[in-house]
Number of protein chains: 2
Amino acid sequence: MISKNQDIPTPEVCTANIAAVRDALYVLNGKWKLPLIVTLLNGAKRFKEIQRSLNEITPKVLSKELKELELNGFLERKVFNTFPVSITYELTPYSESLDEVIESLRSWGEQHRKHLVKGRRLESVLQDH
Amino acid sequence: MISKNQDIPTPEVCTANIAAVRDALYVLNGKWKLPLIVTLLNGAKRFKEIQRSLNEITPKVLSKELKELELNGFLERKVFNTFPVSITYELTPYSESLDEVIESLRSWGEQHRKHLVKGRRLESVLQDH
DNA sequence: GATACTGCTATCCCAAAGGATACCGGTATC
DNA sequence: GATACCGGTATCCTTTGGGATAGCAGTATC
């Protein structure tokens, strides 16, 4: 329906589309939110596990991102009465609503890197991981 | 393939997925890039038209975002020899690679707002447009 | 004792993104 | 003259995102 080849949206539809995209970005924007959700697709994880899996994130930033994602209903924090205390984070059913978003970004990121390799522009417009 | 219900990705696949999502976010992250591309789905536009259509963006930010999108190959800036000079911005064929990304975000943003209305949490986690 | 684990928090800092405002020169209109 | 159009740019500022580092208490292991 948003495809440019077949059906140019009217200005009203375009405005509504922009609003919806902005709603999504408001919730999902930033360096770490979606990568964090992707790492939890593997199953529930503990704080340090997540940190290792995301490689370069500081505890402070991780803590803040987890809180926001919890607040928005994407993940659940579970506390277990062990020594030391252990806490797991796992995705909620609502996080499944993001599957298409994540898949489209993953797929696009993959093809974009290939596109750049083909055009030899890799160094200037992609980040190291 | 990234769906959680059917096929939990292995850690290696997960790492590759995170990397691909991060590539995409590196290029597309921020408040204005995708809304800007959405507004050009309507067809080529001039600077002031884009500004009006995006509503709250300053000329400075718009100029910067347009430059970056042009640099990344998503749009083309055309200069016409009129009085005063007129310049249009239009999407390139490469921008079509973003169609699924944009559509998934639009669709998600739409359902998320509905989800929040249903749960009466609109005020706290969505932005005004 | 030291070091490691746990999941954070506090402090300080920098970088980046974004906003507010004023302005440019050339032309057109009143 | 004033104001508007055009597409920006310059300056100053605020806000947000993220990073670096140190530290907490309780427990376990050497």
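Reminder, nothing fancy here: chain letters follow the sequence lines and each chain counts from 1.
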Quiz item: Between B/K64 and B/K67, does a side-chain contact (heavy atoms from CB on, under 4.5 Å) hold up when you go through it step by step?
Solution: CA-CA 5 Å; B/K64 175 176 159 290; B/K67 273 197 186 83; 5.8 Å; no

Quiz item: Can you tell which of D/dA20, C/dT6, D/dG18 lies closest to the side chain of A/R46?
Solution: C/dT6

Exercise. Give the ring-plane orientation class for B/F47 versus B/Y89, where under 30° counts as parallel, over 60° as perpendicular and anything between as tilted.
Key: tilted

Exercise. Could you check how far CD1 of A/I50 sits from P of C/dG7, rounded to whole Å?
Key: 9 Å

Self-check item: Pair B/E12, B/T10: side-chain N/O donor-acceptor within cut-off below 3.5 Å
Solution: yes

Practice problem: Please state whether the phosphate of D/dG8, meaning OP1 or OP2, lies under 4.0 angstrom from any side-chain nitrogen or oxygen of B/Y89. | Solution: yes

Quiz item: Using a cut-off of 4.0 Å on non-hydrogen atoms, how would the nucleic acid contact of B/K60 be classed: base, sugar-phosphate, or nothing?
Solution: base

Quiz item: Looking at CD of A/E65 and OG1 of A/T58, how far apart are the two atoms once the value is rounded to the nearest 0.5 Å?
Solution: 9.5 Å

Practice problem: Check whether any side-chain N or O of A/K67 sits under 4.0 Å from OP1 or OP2 of C/dG7, and answer yes or no. | Solution: no

Quiz item: Rounded to whole angstroms, how far apart are CD1 on A/I57 and P on D/dG19?
Solution: 7 Å

Practice problem: Have a look at the helix from C/dG1-D/dC30 to C/dC30-D/dG1 and give the angle its two end axes make, five pairs each, rounded to 10 degrees. | Solution: 20°

Quiz item: Got more than 12 heavy atoms from elsewhere within 6.0 Å of CZ, B/F80?
Solution: yes

Self-check item: Nearest-nucleotide pick for A/F47, side chain only, options being D/dG8, C/dG7, D/dG26
Solution: C/dG7

Practice problem: Under 4.0 Å between any heavy atoms, over every strand shown, what does A/E49 touch: base, sugar-phosphate, or nothing? Just pick one. | Solution: nothing

Quiz item: Could you walk me through whether A/R106 and A/E103 pass the salt bridge (charged side-chain N to carboxylate O under 4.0 Å, His left out) check?
Solution: CA-CA 5 Å; A/R106 185 209 61 78; A/E103 173 54 22; 2.9 Å; yes

Quiz item: Relative to each other, are the rings of A/F74 and B/W108 parallel, tilted or perpendicular (30° and 60° limits)?
Solution: tilted

Self-check item: Within-4.5 Å side-chain heavy-atom neighbours: B/I37 and B/L75
Solution: no

Quiz item: Roughly, in whole Å, what's the span from CG in A/N29 to P in C/dA16?
Solution: 16 Å

Exercise. Verify the contact: side-chain N or O of A/W32 to OP1 or OP2 of D/dT16, cut-off strictly under 4.0 Å; return yes or no.
Key: no

Self-check item: Phosphate OP1/OP2 of C/dC5: any A/R52 side-chain N/O under 4.0 Å
Solution: no

Exercise. To the nearest Å, give me how far apart CG (B/L36) and C1' (C/dA17) are.
Key: 15 Å

Practice problem: Report the distance from atom NZ of A/K78 to atom P of C/dG7, rounded to the nearest whole Å. | Solution: 16 Å

Quiz item: Reckon B/S63 has a side-chain N or O less than 4.0 Å from the OP1 or OP2 of D/dT9?
Solution: yes

Distances for protein N or O near nucleotides 22-25 of chain C N or O, under 3.5 Å:
none

Self-check item: DNA chain D: 5'-proximal contact among A/F83 and A/K64 (nearest heavy atom)
Solution: A/K64

Quiz item: Could you state the CD-P distance from A/Q51 to D/dT21, rounded to the nearest angstrom?
Solution: 14 Å

Practice problem: Using whole Å, report how far OH of B/Y26 lies from P of C/dA17. | Solution: 9 Å

Exercise. Inspect the surroundings of CD in B/E68 and state if more than 12 heavy atoms from other residues, nucleotides or ligands are less than 6.0 Å away.
Key: yes

Practice problem: Check whether any side-chain heavy atom of A/S53 lies under 4.5 Å from a side-chain heavy atom of A/N42, and answer yes or no. | Solution: no

Quiz item: How close or far is atom C1' of C/dA16 from atom CD of B/E68, stated in whole angstroms?
Solution: 11 Å

